[in-house]
2 protein chains.
Amino acid sequence: MLDQESTDTEALIIEAAKKVFFRKGYDGARLQEIADESGIGRTALHYYFRSKEKLFSTVMKDFFSETERRVTQFDPCEVPIVERMRNFASSYMKSALRNPEFDLFMLNEFNNNPDFIAEVLLKTIPVNMHEHFIVPIEEAVRKGELKGDPHQIFITLLSVCMFPFTGMAMIKKMLKFSDEAYMDLLRQREAFILSFLETAFKA
Amino acid sequence: MLDQESTDTEALIIEAAKKVFFRKGYDGARLQEIADESGIGRTALHYYFRSKEKLFSTVMKDFFSETERRVTQFDPCEVPIVERMRNFASSYMKSALRNPEFDLFMLNEFNNNPDFIAEVLLKTIPVNMHEHFIVPIEEAVRKGELKGDPHQIFITLLSVCMFPFTGMAMIKKMLKFSDEAYMDLLRQREAFILSFLETAFKA
DNA sequence: TAACTGTTTGACATTTTTGTCGAACACAAA
DNA sequence: TTTGTGTTCGACAAAAATGTCAAACAGTTA
């Protein structure tokens, strides 16, 4: 068969695997389900990607090398920290909306296999969070522009961005949101966060 | 053997199972590991609790009927909403510190089996979040005491409390925290949140 | 001590999931 | 049509995890 079609099948499998892995986690994912989702036989999975682990590894690398990153580029150091935090939140929310199930998956991977996921992640986003966020926040606190412990501020920034995705299932159930209604809420959240950041840490 | 000892073994197993389930999730948990952690044979698990599912179910019910709830009591409606939010955050942080691994586990359960976990949870904490938080926040926004969409405000409250626990592994890795240093940060977070709540949503 | 009860253990069975292999297949080029 | 290459499929093997059972065991009571 043509090389083209082969690549297509591979891509098809990777897409299907991505969905299933993100939904169920590595342990919960079943090769059979991935096969069904791709519309191919389970044996073909082994033909293209030797084993579950190799498939997983490929999926992860593919995911991070795609445009699917939470933040594609970080501001240079000249940009004031408060603006940088805003941009981070904006990029994050926009990206996460395209893959709402990824965040919880990622937290689990950090729990189960921190080294692997950290390596894959840092390979594509080689940003030192400490230098890039903590240090500048410290400085802003010293100057009296922000108030509070720098780590706590940064963690709060992460919290308000990520949690609505990681906690999606729980919040929907608790507040009786439909899938569509909750997606709407997520879409509106960027604006909420930006306005929230105006006052949240102001000294 | 005495009934006393039997109960002790059961309790021992439940404690061990709790640890393993919270760390690994239902899918990731292995009966062998639970047996090892309890210091008993794997077959004895089946003697006490027929199956993995039954054991899990018992663990969950036990956990929620214990004092291990995130918020043991909610304020009556007379208490002003802002103060209620503060109390919620305080209780939550204190409780979560005793079981830091539970939160991520719970989010996963909500993902995998929302009905089961919601039922168990609501059986012990029969609080309607909408009535208890959303409606009063709406009112406060109308009165001009708070600003922003009520749902977004409530989700933000949840975020700043829960995320530091659910995202523990990720944050530790990202910011190069040691286990002890991160526990310290968590202990200091209650105070941070309380001061943060003073300004975050003020109109 | 003998009979009884609840507990533990090891050997085995079952189920679930993953992995392998060779035959069949489709299609293109010789 | 034959040969070759890459792909698919079904049957089967292996591994991993859960579940069952009867025999041994440890105490308690008659």
Parallel, tilted or perpendicular: rings of A/F192 and A/F196 (30°, 60°): parallel

For atom CZ of A/F49 and atom P of D/dG6, their distance in whole Å: 17 Å

Touch class at under 4.0 angstrom, heavy-atom based, for B/A35 against every strand present: nothing

A/R42 (side chain) and D/dG10 (base): donor-acceptor pair under 3.5 Å: no

Candidate pair B/N87 and B/Y92, rule side chain to side chain donor-acceptor pair (under 3.5 Å), full reasoning: CA-CA 8 Å; B/N87 289 343; B/Y92 199 97; over 6 Å; no

Atom-pair distance (CG on A/D36; C1' on C/dT17), nearest Å: 14 Å

Spacing of B/E53 atom CD relative to C/dT16 atom C1', expressed in whole Å: 14 Å

Proximity of B/F56 and B/Y26 rings by center, below 6.0 Å: yes

Proximal nucleotide (of D/dC21, C/dG19, D/dG19) relative to the A/S51 side chain: C/dG19

Whole angstrom value for the distance that separates P of D/dA15 from CZ of B/R30: 17 Å

Side-chain N or O of B/Y47 closer than 4.0 Å to phosphate OP1/OP2 of C/dT8: no

Distance in angstrom units between B/K54 NZ and D/dT18 P, rounded: 15 Å

Geometric cation-pi criterion A/K24 and A/F105, 6.0 Å radius, 45° cone: no

Between C1' of C/dT9 and CG of B/L31, the distance in whole Å: 16 Å

Below 4.0 Å: OP1/OP2 of D/dT8 and any side-chain N or O of A/Y48: yes

Length of the NE2-P vector between A/H46 and C/dT18, whole Å: 8 Å

Length of the CD-P vector between B/E10 and C/dG6, whole Å: 13 Å

